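No experiment lies behind these values; they were computed from the predicted model shown.
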Amino acid sequence: MTVNLKIFLSAILLLISTVNTMAASTDWVDLGGGQARLLATKDAVTNQISGVLEVKLNSGWKTYWRSPGNSGIPPEFDFGGSDFLTLESVSFPVPKWIETDDYSFLGYTDKVSFPFSAKGETMDTSLRLDLLIGVCENICIPATAQFSIPADALNTSDPGAEVEIELAQASLPLPPADDFRVYNLSRDNEGLILDMAAPPAPGKLFVIAEQRGRWISDPVPVSRNGNNASVRFLVPASVLDKLDENTEWSYTLLQLSDDNHTIARAVEGTLELSVKP
């Protein structure tokens, strides 16, 4: 097959894949230490919506991951002002390990895009996002912003938005692998116990546990024992008292590079919680 024919067929496949897809984006909104905008696509047949909040930070500025440590401000996404919309999920890309003179944390610099998925209930679906996000230079400040995409805009075409959404989705943590995963999540009277597979590596290893909508742990460093490790989380009593066997939990496992400055491997998965007597 010649190169020109490959290009032609690729273009046809792209046209077929996007013929039922509509997209829109908002203007950029100032955050103090950067700017942000909302982008979304909607399938004209299923009304399935995919989108991103795209954040561009000024040079030297930073923002936080979903678990920001003791003093950080995690991003909060409120789609409650939307019309005829059911939000399904908001996802966090693989973070960076950021070190300052005073502390270290997991977060983002330069540019980060947070993907989300939702279901539109009618052709009149509109998007409204109320954002709270911490932006930091020497100190951290809370920034708020509002973004709206009305129904008529969401039902138009914006190929640039589709590209940004696909790139954002590619930056998410991978599914668990056999040699890199949490394989058991249990609790006793003091907290949570995570048992995991993690091959030896020189860089630091962190894990967080999350009960969606209720509680997210701080990142906990993991000490390996061969290819396995076990970590205990001390969970606040107010959370622990509400846990039961049907509680849905997820986890994120992060392996730092040899120099402990970047994330070399990241996976996210879900587990059922077993309760020990």
| task | Using distance alone, with no hydrogens and no angle criterion, decide if E88 and Q48 have a side-chain donor and acceptor under 3.5 Å apart. | result | yes
| message | Regarding K62 and E137, does a basic nitrogen lie under 4.0 Å from an acidic carboxylate oxygen? | response | no
| note | On a heavy-atom basis, the closest approach of P115 and S113 is CD-O, 3.3 Å
| query | Cut-off 3.5 Å, side chains only: do T270 and S250 have a donor facing an acceptor? | reply | no
| request: Would you confirm whether the ring centroid of F105 sits within less than 6.0 angstrom of the ring centroid of W65? | output: no
| query | Is the shortest distance from a Lys or Arg side-chain nitrogen in D195 or R181 to a carboxylate oxygen in the other one below 4.0 Å? | reply | no
| Will you find, in the side chains of S50 and T41, an N or O donor that is under 3.5 Å from an N or O acceptor? | no
| Got F114 and P93 here, is their nearest side-chain heavy-atom distance under 4.5 Å? | yes
| request: Please determine if E54 and K111 form a salt bridge, counting it only when a charged side-chain N lies under 4.0 Å from a carboxylate O. | output: yes
| query | Got a salt bridge between D188 and R232, using NZ or NE/NH1/NH2 to carboxylate O under 4.0 Å? | reply | yes
| field | Basic-acidic side-chain contact under 4.0 Å: K119, D43 | value | no
| said: Do W97 and L106 make a side-chain contact, defined as non-hydrogen atoms from C-beta onward lying under 4.5 Å apart? | reply: yes
| With ring centroids as reference points, do F79 and F147 lie under 6.0 angstrom apart? | no
| said: Quick check: do V267 and P175 have side-chain heavy atoms less than 4.5 Å from each other? | reply: no
| request: With the side chain counted from C-beta on, respond yes when T109 and K96 share a heavy-atom pair under 4.5 Å apart, and no when they do not. | output: yes
| field | Contact check, side chains of I193 and R187, non-hydrogen atoms, under 4.5 Å | value | no
| said: Is there a side-chain contact between L129 and Q146 in this structure, where contact means two heavy atoms from C-beta onward sitting under 4.5 Å apart? | reply: no
| query | Do you know which two heavy atoms are closest between T125 and L85, and how far apart they sit? | reply | CG2-CD1, 3.9 Å
| Any chance the side chains of E121 and T86 put a donor and an acceptor closer than 3.5 Å? | yes
| Worked verdict on E268 versus R66 for salt bridge (charged side-chain N to carboxylate O under 4.0 Å, His left out) | CA-CA 13 Å; E268 286 186 343; R66 70 192 328 142; 3.0 Å; yes
